Amino acid sequence: MTATDKQQTALTLNGIHKSFGSSTVLQDISCDFYEGSITSIVGENGAGKSTLAKIIAGITQPDSGSLKLFDTPVAFAHPSEAIRHGVGLVHQELSVLENLSVLENILLGHETTQAGILNRKQNTQRAQTALNRLGSSLNPHTLVRDLSLAQKQHVEIARALSFEARIIIFDEPTSSLSERETSHLLSTLLRLKESGVTILYVSHRLAEVEAISDRVIALRDGQLSGDLSKKQISKQTITTCMIGRPISDMYGYQERKLGGVLLRAKDWIPTPRHKPLSFSVRAGEIVGIAGLVGSGRSEILRGLFGIESSRSEGLTLRDAAFTPHNPREALRHGINLVPEDRKSQGILPGFTIEETSAVLHNITRSKLFRSAKDENHEAKKIISDFSVRCTDTTQATSTLSGGNQQKVLLGRALSTSPSLLLLDEPTRGVDIGAKKAIYEIIFKLAASGTAILFVSSELDEVMGIADRAIVMHEGGIAGLVVREDFSEDRLFSLAAHNEDIATQKRSIG
């Protein structure tokens, strides 16, 4: 892309190369980014997007190549150096400190002091200004541990805004946000762009990329595979650049014969903040749970898996009364969960892929101990079946890209042969190729008789793969919708419960 006369080159990458051991992650990346523009960086999981973002932000140093910031050569040995030069990064995985307040997280490391003493008034004003720019209603003095996942993401973004960054990299910033919150964030990015901020936007959500990008840079296997101007941007062209071929049918819904009712809830109360819930899931059925963030969607799955300490009766599993007191009990009854927040709820620190994939088997199998050979075979099967990009089974799961981590967790859940699979945001942070693979696996499982209950913030995903939808609003069921009646207007109106549909639709662009 050639800059217009009014556009200044904000960032130049020249010959960036990065390897980890024998694995080449980035190879000869050279491109420019222009002031006051939004450039999206796309690619499949493992293509090198996050590594490139970390190099620009000073978290990782390239093996070779150079960077220029507003035509001045720079080399960031530490993120603090990048921050001092006005380069900020909003991470894909949350890095907030749970025991600190919103204010303390936002200003951590660059607080205002007077004679060595923190200036509470000025710090509060600075944090509030950053939150206002984001359009967030968070109280600066609230402890982060008391926030929802989406609200914690707001803190991450406000942190980058707080030091007046000239270049901000957003690495999957909407992965934990609702449709409305996503729309609000995208509007914020457009306002930042108009104020002259250069935005690098890493995302798997192609609708977002298409909506806000002035330009799209595509990576494939660590190399540049596409450079699209605004006029060239479409889901089809982006997909082709990413994976080398178009994907004609994203969801590929497959009709199937459903079995009898496997799970039934009648006036069940998962948590004290919920109203009595009544619904059912049949064997081989795919049921989506939609609703705004905070509506009580995820707590349903957590309650069924025994994480939420529900004392309410009202559940039957295979026509027998069932009250899951803990995950061990749920697993032994054939229920498994792939959680929303893989970093804190799914992956054990330091565990390899092999150890991660084996962790549930002592609970679900009669065989108390499994040989190293068995565990290695299970891990290799997950890597093969889910096309996990890794060095080998001994690689730490936490070092994989977000999408590959999700594949390992999904593979681990399926290895227990559940009769009811609970999926909380199953394709969060997963690229378009992997999404389609996951949908195919879900349909295959359903065809074999597995019941699937999933939560998704993407209405297109709910309408694309679900047989029925449970729409939540403020802890209660606002509606049960069969596939024949799916429409954006209907699901939106139920989720918003009486809010004007046109306003809702405008709020998500």
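We number each residue from 1, following the sequence as shown. Model, not experiment: these values are computed from the prediction.
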Checklist entry - Going from CG on Leu107 to CZ on Phe163, what distance comes out if it is rounded to the nearest 0.5 angstrom? => result 11.0 Å
Next on the checklist: Looking at every heavy atom in both Ile157 and Pro173, which two are closest together, and how far apart are they?
Outcome noted: CD1-CB, 4.5 Å
For residues 438-446, which side-chain donor-acceptor pairs fall under 3.5 Å, sequence neighbours excluded?
from: Tyr439; atom 1: OH; to: Glu461; atom 2: OE2; distance (Å): 2.4

Checklist entry - Would you call Arg159 and Glu156 a salt bridge, taking side-chain N to carboxylate O under 4.0 Å as the test? => result yes
Item to check | Nearest-0.5 Å distance, OG1 of residue Thr240 to CG of residue Leu228 | outcome: 9.5 Å
Item to check | Within 6.0 angstrom of Lys193 NZ, more than 12 heavy atoms from elsewhere | outcome: yes
Checklist entry - Do Ile353 and Leu400 touch side chain to side chain, with heavy atoms closer than 4.5 Å? => result yes
Checklist entry - Ile56 and Leu67: which non-hydrogen atoms are nearest, and at how many Å? => result CA-CD2, 4.0 Å
Item to check | Test salt bridge (Lys or Arg N to Asp or Glu O under 4.0 Å) applied to Asp63 - qualifying residues, sequence neighbours left out | outcome: Lys18
Checklist entry - Are the charged groups of Glu111 and Arg126 less than 4.0 angstrom apart, N to O? => result no
Item to check | Salt bridge flag under 4.0 Å for residues Lys435 and Glu458 | outcome: yes
Item to check | Any side-chain heavy-atom pair of Thr142 and Gln151 under 4.5 Å | outcome: no
Next on the checklist: Between Asp467 (side chain only) and Val287 (backbone N and O only), is there a donor and an acceptor less than 3.5 Å apart?
Outcome noted: no
Checklist entry - Just wondering, do Arg215 and Cys31 contact through their side chains at under 4.5 Å, heavy atoms? => result yes
Checklist entry - Which pair of heavy atoms, one from Gly15 and one from Asp28, lies closest together, and at what distance? => result CA-OD1, 3.4 Å
Next on the checklist: Could you walk me through whether Asp171 and Lys54 satisfy the side-chain contact (heavy atoms from CB on, under 4.5 Å) test, starting with their C-alpha distance in whole Å, then the side-chain angles of each, then the deciding distance to 0.1 Å, before giving a yes or no?
Outcome noted: CA-CA 10 Å; Asp171 191 357; Lys54 290 176 181 178; 5.7 Å; no
Next on the checklist: Any heavy-atom pair between the side chains of Asn14 and Ser30 that's under 4.5 Å?
Outcome noted: yes
Next on the checklist: Is the shortest side-chain heavy-atom distance between Leu423 and Leu410 below 4.5 Å?
Outcome noted: yes
Next on the checklist: Let's go through Glu35 and Arg166 carefully: what are the C-alpha distance in whole Å and the side-chain angles of both, what is the deciding distance for salt bridge (charged side-chain N to carboxylate O under 4.0 Å, His left out) to 0.1 Å, and is it a yes or a no?
Outcome noted: CA-CA 8 Å; Glu35 185 177 24; Arg166 302 167 73 187; 5.1 Å; no
Checklist entry - Going from CD1 on Ile465 to CE on Met250, what distance comes out if it is rounded to the nearest 0.5 angstrom? => result 10.0 Å
